[in-house]
Amino acid sequence: MQLSIVIPMFNEAENAEHTLARVEDSLSSFDGQYEIIAVNDGSTDNTHEVLQKIAASNKKIKIVSYSRNIGRGMALRTGFKEAKGEIIVSIDADLSYDPKYIIDFLKTFKEEENIDLILASPYMPGGKTEGVPFFRLWISKLGNKILRLAMPNRIHTLTGIFRAYRKKVLDSLELESDGKEIHLEILSKAMALGFRVKEIPAILKSRKRGSSKFKFKRTATSHLIFSVFEKPMIIFGFIGVLTLGAGLLIGLYVAYLRFSGDLTPGRPLITFAILLILGGIQILSFGFIALQILSLRKEILRIQKENLELGNLLRKPGMQENERNIEKS
Ligand code: UDP
Ligand code: MG
């Protein structure tokens with residue numbers, strides 16, 4: 001299998017058929033083997049029935065379904081586990097992105113062997129958005145700008161669903177997000193493991209049918225927390241340097257008063273300066289500890305990756321008994 005396309009669906013009865021048809025159309029020039037995996041994330045409308053009807057007459061379409069709505073992260077993880085393709089694409093069910101880009105993803109992978117993960121990017125130069133409501137767009141752009149600071153590579157669109165992965169990337173990651181944060185989780189972990197990411201410009205359109213499941217508060221909080229975890233020095237460093245700097249300045253002022261003979265004994269300013277200096281040093285130390293923890297996390301990710309690889313190897317059918325032993329020892 002060369003290509004798997006994973007589409008999470010929560011209450012997308014209005015979109016399912018049209019979207020699946022459009023995705024298949026976009027692959028008409030693709031001559032490899034592919035599968036489309038529609039994941040029904042506990043829809044309460046008749047998404048599941050619609051999908052069953054389509055899949056009954058189309059072998060390329062597979063349905064995975066569970067009864068409780070958990071979130072797009074869970075839906076994507078479920079789909080990824082099911083995917084057999086060497087390249088795995090995720091796209092949303094409302095056609096916010098034109099599936100024609102899938103062919104571009106494949107072309108890029110072919111031409112650039114060193115690239116492991118491709119992002120469709122409306123926010124990079126050359127990319128565009130059309131008809132996205134003003135507030136939603138503004139929040140999304142601002143969020144991506146902040147996140148951009150937190151990530152090692154300067155990526156413009158970190159939160160988009162439309163992406164393509166080489167199988168080895170997803171096979172290496174132990175993912176746990178249930179919601180929209182999954183896009184960040186994948187990027188962060190994949191980059192920590194040294195996988196290479198490329199953005200290609202794309203147009204993001206507003207959904208035409210069905211309703212968006214975007215939850216502002218939840219998304220904003222989870223993404224902010226993520227930035228702090230990803231680059232703790234942004235917060236600790238900033239506040240620490242500020243506090244320390246203020247302490248030193250006040251200290252200098254006190255010293256000036258002392259030498260110009262103006263200092264009345266027992267002024268609280270001295271204590272204040274000392275408090276600020278000590279506080280600043282402490283906040284910076286938190287930052288350094290957080291950096292250490294981050295590098296430990298990288299190590300853990302690497303170990304998880306090796307574990308997963310080992311697990312896959314042991315599970316491979318038809319493997320020689322002695323090979324298994326070698327892998328275990
Ligand atoms: N989705 C899902 N489970 C959820 C919420 C959303 O599977 O709990 C799917 C949804 O059906 C869509 C994709 O995730 O295919 C993105 O959702 P949506 O279009 O509502 O979000 P937006 O594109 O506005 O961020
Ligand atoms: Mg959408």
Side-chain angles (χ1 to χ4, degrees), residues 4-23 36-51 54 61-83 88-99 101-102 119-123 127-144 147 157-163 175-187 202-223:
S4 302
I5 295 161
V6 175
I7 316 181
M9 295 194 182
F10 172 55
N11 292 349
E12 300 284 4
E14 284 170 82
N15 287 310
E17 188 166 5
H18 178 66
T19 298
L20 289 170
R22 282 281 304 278
V23 170
I36 300 177
I37 303 173
V39 185
N40 170 33
D41 180 30
S43 297
T44 47
D45 66 357
N46 59 342
T47 300
H48 191 216
E49 290 72 34
V50 173
L51 287 175
I54 304 169
I61 293 175
K62 295 179 183 148
I63 315 171
V64 196
S65 181
Y66 43 86
S67 54
R68 192 166 67 90
N69 173 242
I70 297 178
R72 83 162 77 166
M74 181 61 171
L76 284 171
R77 287 194 282 136
T78 311
F80 291 156
K81 272 202 198 108
E82 214 56 38
I88 300 165
V89 170
S90 57
I91 184 168
D92 81 357
D94 57 13
L95 292 181
S96 313
Y97 293 96
D98 192 320
Y101 294 107
I102 298 174
L119 315 172
S121 176
Y123 302 142
K128 207 161 81 157
T129 57
E130 274 174 16
V132 181
F134 178 77
F135 177 67
R136 177 75 203 271
L137 183 63
W138 182 78
I139 285 295
S140 179
K141 277 193 167 165
L142 179 72
N144 275 284
L147 289 164
T157 309
L158 299 113
T159 52
I161 188 172
F162 193 25
R163 302 170 167 187
L175 298 172
E176 45 207 26
S177 302
D178 286 338
K180 195 170 157 51
E181 339 57 272
I182 190 153
H183 305 312
L184 288 173
E185 186 194 2
I186 296 178
L187 261 187
I203 301 174
L204 168 68
K205 291 187 184 149
S206 165
R207 73 157 60 221
K208 296 197 175 54
R209 277 176 281 202
S211 59
S212 171
K213 285 95 203 170
F214 179 70
K215 294 187 192 86
F216 171 64
K217 228 170 113 187
R218 206 190 132 190
T219 310
T221 326
S222 68
H223 286 45

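On a predicted model such as this, the values are computed, not experimentally measured, just so you know. Every number for a ligand or one of its atoms is a count from 1 in the order of the listing.
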Ligand-side contact atoms (ligand 1) for residue partner [X], heavy atom cut-off under 4.0 Å:
X: G71; value: 3 (N), 4 (C), 8 (O)
X: E12; value: 10 (C), 11 (O), 12 (C), 15 (O)
X: A93; value: 12 (C), 15 (O)
X: D92; value: 12 (C), 13 (C), 15 (O), 16 (C), 19 (O), 23 (O)
X: M9; value: 7 (O), 11 (O)

For D94, what is the atom name of its N, O or S atom nearest to the Mg ion (ligand 2)?
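Relative to the Mg ion (ligand 2), the closest nitrogen, oxygen or sulfur of D94 carries the name OD2.
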
Can you name the N, O or S atom of D92 that is closest to the Mg ion (ligand 2)?
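Relative to the Mg ion (ligand 2), the closest nitrogen, oxygen or sulfur of D92 carries the name OD2.
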
One residue to check: [X]. Relative to ligand 1, which of side chain, backbone, both or neither has a non-hydrogen atom less than 4.0 Å away?
X: D94; answer: side chain
X: K215; answer: neither
X: N69; answer: side chain

Does CD in E17 sit with more than 12 non-hydrogen atoms of other residues, nucleotides or ligands closer than 6.0 Å?
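No, because the 6.0 Å sphere around CD of E17 holds 12 heavy atoms or fewer from other groups.
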
Using 30° and 60° as the class limits, which term best fits the ring planes of F162 and Y101: parallel, tilted or perpendicular?
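Because their plane-to-plane angle is over 60°, the rings of F162 and Y101 count as perpendicular.
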
Charged N to carboxylate O below 4.0 Å: is that the case for [X] and [Y]?
X: R22; Y: D98; value: yes
X: K213; Y: E12; value: yes
X: D178; Y: R77; value: yes
X: R218; Y: E181; value: yes

Check: [X] side chain, [Y] main-chain N or O, donor-acceptor pair, under 3.5 Å:
X: T19; Y: A93; result: yes
X: D41; Y: G71; result: yes
X: N11; Y: G210; result: no
X: D94; Y: N15; result: no

Report yes if [X] has an N/O atom closer than 3.5 Å to an N/O atom of ligand 1; otherwise report no.
X: P8; answer: yes
X: F214; answer: no
X: K213; answer: yes
X: S96; answer: no

All N/O donor-acceptor pairs, side-chain side in residues 127-140, below 3.5 Å, sequence neighbours left out:
from : atom 1 : to   : atom 2 : distance (Å)
S140 : OG     : Y123 : OH     : 2.7

Name the closest protein heavy atom to [atom], giving the residue it belongs to and the distance to 0.1 Å.
atom: atom 19 (O) of ligand 1; result: R207 NH2, 2.7 Å
atom: atom 14 (O) of ligand 1; result: R72 CB, 3.6 Å
atom: atom 4 (C) of ligand 1; result: D41 OD2, 3.3 Å

R136: heavy atom below 4.0 Å from ligand 1, yes or no?
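The answer is yes, since R136 has a heavy atom less than 4.0 Å from ligand 1.
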
